[in-house]
Amino acid sequence: MIKLFRVDHRLLHGQVAVSWYGAVSADCILIANDDVPKDPIRKASIKMAKPSGSKLVMQSIERSIESLNSGITDKYKLMIIVESINDAFRIISKMNHKPETLNLGGTKETSETRILAPSINVSVEDEKQLNKLIMQGVKVEVQQVSTSPIKVVKENDLSTE
């Protein structure tokens, strides 16, 4: 059961480990990212942020999709964390059972992004992908920590270019 599906460019860090893990009563964290499983330094830093007593899995995007669709993750109260909106879109688009909600917690600012909400920077492609998810019935929310107010992202918040 997916308790939280979150986009956070920092992946697992104190704010997520402390605020979100307990708030959603998760027992397993899936870091879905193509680079982390191959990077010993990033893996080590993520392991240091892991909440005590939790199961932590770090897999590529494709392997994560396979795991989610196979049913092997069904026994867990799962928190999925991805680095970008594109990663979330890639996974959700191929999931047999889409999550009800996508939580946007932080995305990187670049010269090609605009600010959608505090700490949320989106490119034109991100906006198209979020629109597609919303049209598929996935509720997109901006919420930094579990105690923060929720901002629901609507289609009219996103560019139609």
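At a threshold of 4.5 Å between side-chain heavy atoms, the hydrophobic network of Ile, Leu, Val, Met, Phe, Trp and Tyr places Ile31 and Tyr76 in two separate groups. Transitive grouping of hydrophobic side chains (ILVMFWY, heavy atoms separated by less than 4.5 Å) brings Ile91 and Val122 into a common cluster. A continuous path of ILVMFWY side-chain contacts below 4.5 Å connects Val140 to Ile85, so both sit in one hydrophobic cluster. Under a hydrophobic clustering in which Ile, Leu, Val, Met, Phe, Trp and Tyr are joined whenever their side-chain heavy atoms come within less than 4.5 Å, directly or via other members, Phe5 and Ile65 fall into the same cluster. Note on Ile61: it does not cluster hydrophobically with Leu56, by side-chain heavy-atom contacts below 4.5 Å among ILVMFWY residues.
Using a 4.5 Å heavy-atom threshold, the side chains of Asn103 and Lys139 count as separate. Side-chain contact between Lys128 and Phe89 is absent, with no heavy-atom pair separated by less than 4.5 Å. At least one side-chain heavy atom of Lys94 sits under 4.5 Å from a side-chain heavy atom of Glu62.
Remark: the backbone N or O of Lys77 is paired with a side-chain donor or acceptor of Asp27 at under 3.5 angstrom. The main-chain N or O of Ser146 is found under 3.5 Å from a side-chain atom of Ser19 such that the two form a donor-acceptor pair. A donor-acceptor pair under 3.5 Å links the side-chain atoms of Asn121 to the main chain of Thr107, judged by distance alone. Judged by distance alone, with hydrogens and angles left aside, the side-chain atoms of Glu127 form no donor-acceptor pair with the main-chain N or O of Leu158 at under 3.5 Å.
Under the 4.0 Å criterion applied to side-chain N and carboxylate O atoms, Glu155 and Lys132 are not assigned as salt-bridge partners.
Between Gln144 atom CD and Leu104 atom CG the span is 9.5 Å, to the nearest 0.5 Å. Of the inter-residue distances, the one linking Ile134 atom CD1 with Asp157 atom CG reads 7.5 Å to the nearest 0.5 angstrom. Lys3 contributes atom NZ, which lies 13.0 Å from atom CD1 of Ile80 (distance to the nearest 0.5 angstrom). Atom CG of Asp126 and atom OG1 of Thr113 lie 8.5 Å apart (nearest 0.5 Å). Taking CD1 of Ile120 as the start and CD of Gln143 as the end, the distance is 11.0 Å to the nearest 0.5 Å. Atoms CZ and OG, on Arg10 and Ser119 in that order, are 7.5 Å from each other to the nearest 0.5 Å.
Side-chain atoms of Asn69 and His97 form no donor-acceptor pair, as typed in the model, at a separation below 3.5 Å. With hydrogens and angles left out, the side-chain atoms of Glu83 and Asn33 include a donor and acceptor closer than 3.5 Å. When only modelled atom types and interatomic distance are considered, Thr73 and Ser67 share no side-chain donor-acceptor pair under 3.5 Å.
Counting non-hydrogen atoms of other residues, nucleotides and ligands closer than 6.0 Å to CD of Glu100 gives a total of 12 or fewer. Residue-environment remark: NZ (Lys151) exceeds the threshold of 12 foreign heavy atoms within 6.0 Å. Summarising the local packing, CD of Glu112 is surrounded by 12 or fewer heavy atoms from other residues, nucleotides or ligands at distances under 6.0 Å.
Residue Val16 forms a side chain to side chain contact (heavy atoms under 4.5 Å, CB included) with just one option from Ile81, Ile29, Leu11, and that option is Ile81.
Remark: Asp34 pairs with Arg90 by the side chain to side chain donor-acceptor pair (under 3.5 Å) rule, at least two apart or across chains.
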